[in-house]
Amino acid sequence: MPFASDKEAADALAAAYQRLRREIGKVIIGQEDVVELVLTAVFSQGHCLLVGVPGLAKTLLIQTIADSLDLSFNRVQFTPDLMPSDIVGSETLNKERDFHFVPGPIFANIVLADEINRTPPKTQAALLESMQEYAVTVAGKRYQLPRPFFVLATQNPIEQEGTYPLPEAQLDRFMFNIELGYPSYEAELQIVKNTTSNHRVQVEKVLHADEIQAFQQLVRRVPVADNVVEYAVGLVHKTRPNTGRAAARASQLLEWGAGPRASQHLIVGAKCHALIHGKYSPDIEDVQAVALPILRHRLVRNFKAEAEGITVDQLVKELL
């Protein structure tokens, strides 16, 4: 998919994004912000965590996005007895009594890790190497995963029965933590009408693997003004309690702030946010647009914040 210039490629990305929105909108009613964030993560080479109570169509959303992109898709339902080999694959004996590797469901472009916090830490950790290195190691041998590769995980709120919270180091590997709320009354009317009839919607494929990879490279090449980078890094420094640049509220209410990965994601996310909205370079508004889902899972409140009922989202909004 050769383009004469990056400007032409940027216009093509903005157009492809609008087509994707239309196709996904045939199935997913409402949730425009969530769809935008998941697509931003796809073009930014990031992974997503979708958090919400059961029944909010988290799985359907991811499946529909996979349908609109011409990519291989596997779903893993996480359960307390799931083993790491159930995800990455295992060595088995063949007829000649030789060991050979049988790939697990992780070998796909889009992997839906459904209810990732229903499985113990050992199995959650099986995803870590794949998310960071785009490879898995089984019996001492390393196997590359297909590219592009995304883990889109769904998680039930931690207060629910039978959940294992993801450790901070693992949460940090997700670019976005996207919270899904209940649909509005009007949206739910439309959802119920659509899903209780025998009307089947066909989602057209909009982009192929090579086009997505080309757009991912394009996002990386977008120029950014120094003041935008300084704003993003300054924002992350504000979240680090008791450091030179910490905001007073952060020092009062936070145990831990965000790490350098947050600064990187803020800039890449802002670049992609600018491109899909028809701009050729991000400004501070683009950083602010992606800041909440990037910082939400990287800040740890202290006892004072929890006792006063102050949420991480409220704190991030104050810092912005």
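Just so it is clear, the model here is predicted, and its values are computed rather than measured.
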Nearest-0.5 Å distance, OG1 of residue T64 to CZ of residue F73:
9.0 Å
So do L112 and N74 actually touch side chain to side chain, heavy atoms under 4.5 Å?
no
Using only heavy-atom distances, determine whether the side chains of Q155 and E115 contain a donor-acceptor pair under 3.5 Å.
no
Taking only Lys NZ, Arg NE, NH1 and NH2, and the carboxylate oxygens of Asp or Glu, determine whether D286 and K271 approach each other closer than 4.0 Å.
no
Would you call K279 and D283 a salt bridge, taking side-chain N to carboxylate O under 4.0 Å as the test?
yes
Just by distance, do the side chain of S90 and the backbone of S85 share a donor-acceptor pair under 3.5 Å?
no
Nearest-0.5 Å distance that lies between atom SG in C272 and atom CD in Q216:
9.5 Å
Quick one: pull up CG in L37 and CD in E179 and give me the separation to the nearest 0.5 Å.
11.5 Å
Are V192 and I28 connected into the same hydrophobic cluster when the rule is that any two of I, L, V, M, F, W, Y join if their side-chain heavy atoms are below 4.5 Å apart?
no
Is there a side-chain contact between Q144 and R142, using heavy atoms and a 4.5 Å cut-off?
yes
Looking at side-chain heavy atoms only, is the closest gap between L171 and R298 below 4.5 Å?
no
Cluster check F174, V300: I/L/V/M/F/W/Y, side chain < 4.5 angstrom:
no
Go through the steps to decide whether R249 and I310 satisfy the test side chain to side chain contact (heavy atoms under 4.5 Å, CB included), and finish with yes or no.
CA-CA 11 Å; R249 290 283 281 167; I310 295 167; 3.8 Å; yes
Any non-hydrogen side-chain atom of I62 less than 4.5 Å from a side-chain atom of V38?
no
If every non-hydrogen atom of A16 is compared with every non-hydrogen atom of V206, which pair is closest and at what distance?
O-CG1, 4.0 Å
Counting heavy atoms not belonging to Q202, are there more than 12 under 6.0 Å from its CD?
no
Salt bridge check: are E36 and R21 linked by an N-O gap of less than 4.0 Å?
yes
Side chains of D86 and V76: closer than 4.5 Å at any heavy-atom pair?
no
To the nearest 0.5 Å, how far apart are CD in E308 and OG1 in T311?
12.5 Å
Please find the pair of heavy atoms, one from F150 and one from A41, that lie closest to each other, and give the distance.
CE2-O, 4.3 Å
Given side chains that start at C-beta, do those of D70 and L207 come closer than 4.5 Å, heavy atoms only?
no
Give a yes or no on whether the backbone of E8 and the side-chain of D11 come within a donor-acceptor separation of less than 3.5 Å.
no
R301 side chain vs E255 backbone, donor-acceptor pair below 3.5 Å
no
All N/O donor-acceptor pairs, side-chain side in residues 44-54, below 3.5 Å, sequence neighbours left out:
{"residue": "S44", "atom": "OG", "partner": "T40", "partner atom": "O", "Å": "2.7"}
{"residue": "H47", "atom": "ND1", "partner": "V151", "partner atom": "N", "Å": "2.9"}
{"residue": "H47", "atom": "NE2", "partner": "M131", "partner atom": "O", "Å": "3.0"}

If we only count heavy atoms from C-beta on, is the Y143 to V138 side-chain gap below 4.5 Å?
yes
On a heavy-atom basis, the closest approach of L254 and T239 is CD1-O, 3.4 Å
I need the single residue from I116, I87, D81, T79 that forms a side chain to side chain contact (heavy atoms under 4.5 Å, CB included) with T123. Which is it?
I87
Heavy-atom nearest pair, T119 first then F78, reads CG2-CD2, 3.1 Å
Can you give me every donor-acceptor pair (side chain of residues 101-111, partner residue at least two apart or in another chain, under 3.5 Å) with its distance?
{"residue": "N109", "atom": "OD1", "partner": "S72", "partner atom": "N", "Å": "3.0"}
{"residue": "N109", "atom": "OD1", "partner": "S72", "partner atom": "OG", "Å": "3.0"}
{"residue": "N109", "atom": "ND2", "partner": "P148", "partner atom": "O", "Å": "2.9"}

With rounding to the nearest 0.5 Å, note down the distance linking CG in L218 to CD in Q213.
13.5 Å
Do L180 and I24 land in one hydrophobic cluster if side-chain heavy atoms of ILVMFWY residues count as linked below 4.5 Å?
yes
Hey, is the main chain of N117 close enough, under 3.5 Å, to the side chain of Q124 for a donor-acceptor pair?
no
So which atom in P282 and which in V222 form the shortest heavy-atom distance, rounded to 0.1 Å?
CD-CG1, 3.7 Å
For the OG1 atom of T154 and the CG atom of D114, what is their distance to the nearest 0.5 Å?
3.5 Å
With a 4.5 Å cut-off on side-chain heavy-atom distances among I, L, V, M, F, W and Y, is there a chain of contacts connecting V203 to L60?
yes
D313/K317 ion pair, N-O < 4.0 Å:
no
Are side-chain heavy atoms of L69 and I212 found at a separation under 4.5 Å?
yes
List the atom pairs, with distances to 0.1 Å, where a side-chain N or O of residues 224-238 and a protein N or O form a donor-acceptor pair under 3.5 Å, not counting sequence neighbours.
{"residue": "Y231", "atom": "OH", "partner": "Q288", "partner atom": "NE2", "Å": "3.0"}
{"residue": "H237", "atom": "NE2", "partner": "R240", "partner atom": "NH1", "Å": "3.4"}
{"residue": "K238", "atom": "NZ", "partner": "L319", "partner atom": "O", "Å": "3.3"}

Got a sec, which residues hit ring-ring contact (aromatic ring centres under 6.0 Å, His included) with H208, two or more places apart in sequence or on another chain?
none
Sort and list the pairs that fulfil ring-ring contact (aromatic ring centres under 6.0 Å, His included) and have at least one residue in residues 300-320, not counting sequence neighbours.
none
Quick note, ring-ring contact (aromatic ring centres under 6.0 Å, His included) partners involving residues 243-280, not counting sequence neighbours, are H273-H277
Which atom pair, heavy atoms only, marks the closest approach of D67 to K205?
O-NZ, 2.9 Å
Just do the side chain to side chain contact (heavy atoms under 4.5 Å, CB included) check on F99 and L93 with the steps written out, would you?
CA-CA 5 Å; F99 278 104; L93 276 172; 4.0 Å; yes
May I ask you to say whether E23 pairs ionically with R19, meaning some side-chain N is under 4.0 Å from a carboxylate O?
no
If you draw a 6.0 Å radius around OH in Y134, do more than 12 non-hydrogen atoms from other residues or ligands fall strictly inside?
yes
